[in-house]
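Reviewing the structure listed below.
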Amino acid sequence: MKIKIVLLILVLTSHYLQAEDGHDLWLRSKSPVPVNIVCKASSQTLSIAKKELLQGWQGFENATVLLSLKKDKTIKNDGFKLTENSIQANTELGILYGTYELLRRQQTGEVIKDEVCNPSYENRVLNHWDNLDGSIERGYAGHSIFWRKGDDAFVVTEKDKVLWQEYARANASVGINGSVLNNVNSSPNMLKTEILNRVKAIADILRPYGVKVYISAKFSSPTVIGGLKSSDPLNPEVIKWWQDKAKEIYSLVPDFGGFLVKANSEGQVGPQDYGRTHADGANLLADAVRPYGGIVMWRAFVYSTSNEDRAKQAYKEFLPLDGKFHDNVIVQVKNGPIDFQPREPFSPLFGAMKKTSIMPEVQITQEYLGHSIDLVYLSTMWEEFLKSDTYQEGKGSTVARCTDGSIYPQKHTGIAGVANVGLDANWCGHLFAQSNWYAFGRLAWNNQMSSEKIADEWIKLTFNQTSTSKSISSKDWTENFLKQVKQMMMDSREAAVNYSMPLGLHHIMSANGHYGPGPWWAPARMRKDWTPPYFHQADSLGVGFDRTKASSNAVSQYHEPLASMFNDVNTCPDIYLLWFHHLPWDYKMKNGHTLWDDICYHYNTGLRQVHQFQQIWEKVQPYVDVERFGNVKERLSMQINNAQLWNDGCVLYFQKFSKKPIPADIDQPVGKLEDIINNDLKRPTPWAKH
Ligand code: GCW
């Protein structure tokens, strides 16, 4: 009996020891090779660098690694100079980033040649849409790691500290150096002292890893928590209120990064409520944080009260303000002119605002790309965006170059990503959603990196060959695991576009949680530009939003040759066709299909691609531990259902207008439109428990 119990305990504990919940992200412990580290200076950040090297060294045994803080003109900001056995930097953080780079190269087998690595952007910031009650707007991986409700809401526990430290380490390992700790739909309570004390506690843990904290500020705070009659940015009492608030924050957090603001957008009060401009509002806060070196990230995601084409609004609002913002303001612009859709052309504000610091905002959390259920590697989407040529200063004026200081002398540069992190054991819900956090950091550090290289790194770091007990040769692993999984990641975003919004269709998702199709959704009293029919414009004649010169003329917001290229249906790229044109159902596509048939083929291709992903994943089972294999397998089967629903819902819905048959050589829908619509309105979001 005793022996049986001992055996049982052994089996259970060994299982427990092997349990792989994904919490270690891309930072898996290694059996380190002995190494000597020489570093004259000392500090908390340098101690972290030394510890990381001692714990993770995979280079020559007993090598001596030199860490030197020495100014060098070729090294910018927190950049570093790397050799096989040394890291030189201007700052301690540069040493830490160099450490992570050196270890990454050792682990991924990349050659380490002497080279200088400088960051593309000065501010590489995660935006957490975390609410003070612990919920997360558009979060799909559990509750907030920063905030919770309940009796212990303000108690900083050991568990909190460990988690925040792990979070900071993950960020630092990919070069992320800022975190906005709360939702842009901000609670005014955020600026109350009890909350600021918790901000201080978080900042103290994040600091040694070089992650600065920021707060999303509610513009109406002077009225809502300050008791003032107005929040008018030009009112002296309001100015004083913000100055005092900034002073209080900096007394707690001396290196506080600054404020992020969403104003005059989706119900948020802003300067326009007082007859002032966005520049007046941004400058008010910027002046308050200026004495301490803070910045203000002012969002350009605004809604005008007019009936203007939604895609044109931000540009119309902000372009006239170019040059009017103080130099510690960065205007934060979403990648596309609408709202983080699976595919959008870049926002025309990029490159057009020449006298203002502009930073791109991308969404890491998959609000419109399948939550943390669908496997979608977003790096390819961001790469497409960063490489888009704006032509604003001639050919080659890519979004990347227009925002990183290469073209315009911006005082500050930055890039923001809406975080996908929560309390789930694996941080991001879906194991592959971790790759999006990773990719954001890597692209923020180097906006020229290829998504393929990033995927390669992430797979090697996340699933090393030891992730199962079986002995697998390196060739086998590369051929049958790495290559297969990488291809799946590289294809995954296009698959999502295909099964949800192909050919430039956009904003046709289910209103209920933004997961699944909803092209039919149009309640009578809803703002028109919140409803899918406004965006797809399907009728008996055709489908698509006419943004040509003859209609909304959104094309004119782009620099030539783009304006003409988008305007002409013959030169407009297929990927943006229905974004810029309303076309007849039997319009002849370049590939010979009619538009109607091509729409059906795209949805079907997307569905088939997800089936392929499922097959790939089944085949790689021998290379992955049980738990992580299961996490992805379960979600892929939900993704198939989602792709099927998109296919059936959209094809059947648009068929009501096209009145044409679905091509016979593809899978026919399995659902009924009526049922799909009825279920859509009742459908809770799949992660209702959060
Ligand atoms: O995409 C929309 C989201 C909102 C979000 C808003 C924004 C935080 O549906 O949830 O609010 O954008 O970016 O402000």
Side-chain angles (χ1 to χ4, degrees), residues 125-141 144 146-147 179-188 190 214-220 259-270 272 278 281-282 296-304 310-311 313-314 317-318 330-344 347 349 359-372 376 378 381 385 415-422 436 440 500-501 506-516 518 521 526-527 529-532 534-535 685 687 690:
V125 186
L126 286 184
N127 289 187
H128 289 267
W129 286 357
D130 295 16
N131 299 313
L132 292 182
D133 66 0
S135 61
I136 303 182
E137 183 153 348
R138 314 301 177 191
Y140 313 106
S144 170
F146 300 121
W147 313 106
S179 290
V180 182
L181 301 178
N182 64 309
N183 192 352
V184 285
N185 289 326
S186 171
S187 159
M190 192 65 202
Y214 298 77
I215 287 176
S216 289
K218 198 169 191 74
F219 194 75
S220 54
F259 295 122
L260 168 66
V261 188
K262 169 173 178 177
N264 292 118
S265 169
E266 301 185 327
Q268 297 293 331
V269 170
Q272 291 175 337
H278 281 284
V296 167
M297 297 170 289
W298 190 269
R299 295 178 89 224
F301 179 68
V302 294
Y303 280 82
S304 78
R310 174 83 193 99
Q313 293 177 12
E317 199 82 71
F318 278 79
I330 315 187
V331 174
Q332 182 168 309
V333 182
K334 286 188 182 181
N335 59 286
I338 302 277
D339 191 7
F340 299 137
Q341 296 301 293
R343 173 168 275 131
E344 299 192 28
S347 160
L349 277 171
M359 66 192 281
E361 175 179 328
V362 297
Q363 201 179 36
I364 310 172
T365 192
Q366 293 166 243
E367 175 179 358
Y368 300 101
L369 282 131
H371 296 184
S372 280
V376 187
L378 299 173
M381 171 160 94
F385 157 66
I415 184 164
V418 181
N420 63 350
V421 166
N436 294 328
F440 170 75
S500 64
M501 308 192 201
H506 53 287
H507 213 288
I508 59 170
M509 66 288 162
S510 159
N512 192 356
H514 298 178
Y515 186 80
W521 189 77
M526 185 59 59
R527 266 187 83 109
D529 57 4
W530 274 357
T531 66
Y534 168 89
F535 291 97
T685 56
W687 298 130
H690 297 317

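Both ligands and their constituent atoms are indexed starting at 1 by order of listing. Just so it is clear, the model here is predicted, and its values are computed rather than measured.
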Say whether N131 and N183, considering side chains only, have a donor N or O and an acceptor N or O under 3.5 Å apart. yes
Do T365 and N420 get their side chains close enough for a donor-acceptor pair, meaning under 3.5 Å? no
Tell me, which residues have any heavy atom less than 4.0 Å from some atom of ligand 1? W129, E137, R138, N183, V184, N185, K262, E266, R299, F301, K334, D339, E367, Y368, H514
Six-ring centre of Y303, R310 cation under 6.0 angstrom, axis tolerance 45°: yes
Just checking, any donor-acceptor pair under 3.5 angstrom between side chains of Q332 and N127? yes
List the steps and the verdict of side-chain contact (heavy atoms from CB on, under 4.5 Å) for F340 and H514. CA-CA 11 Å; F340 299 137; H514 298 178; over 6 Å; no
Would you please classify the geometry between the H507 ring and the Y368 ring as parallel, tilted or perpendicular, with 30° and 60° separating the classes? tilted
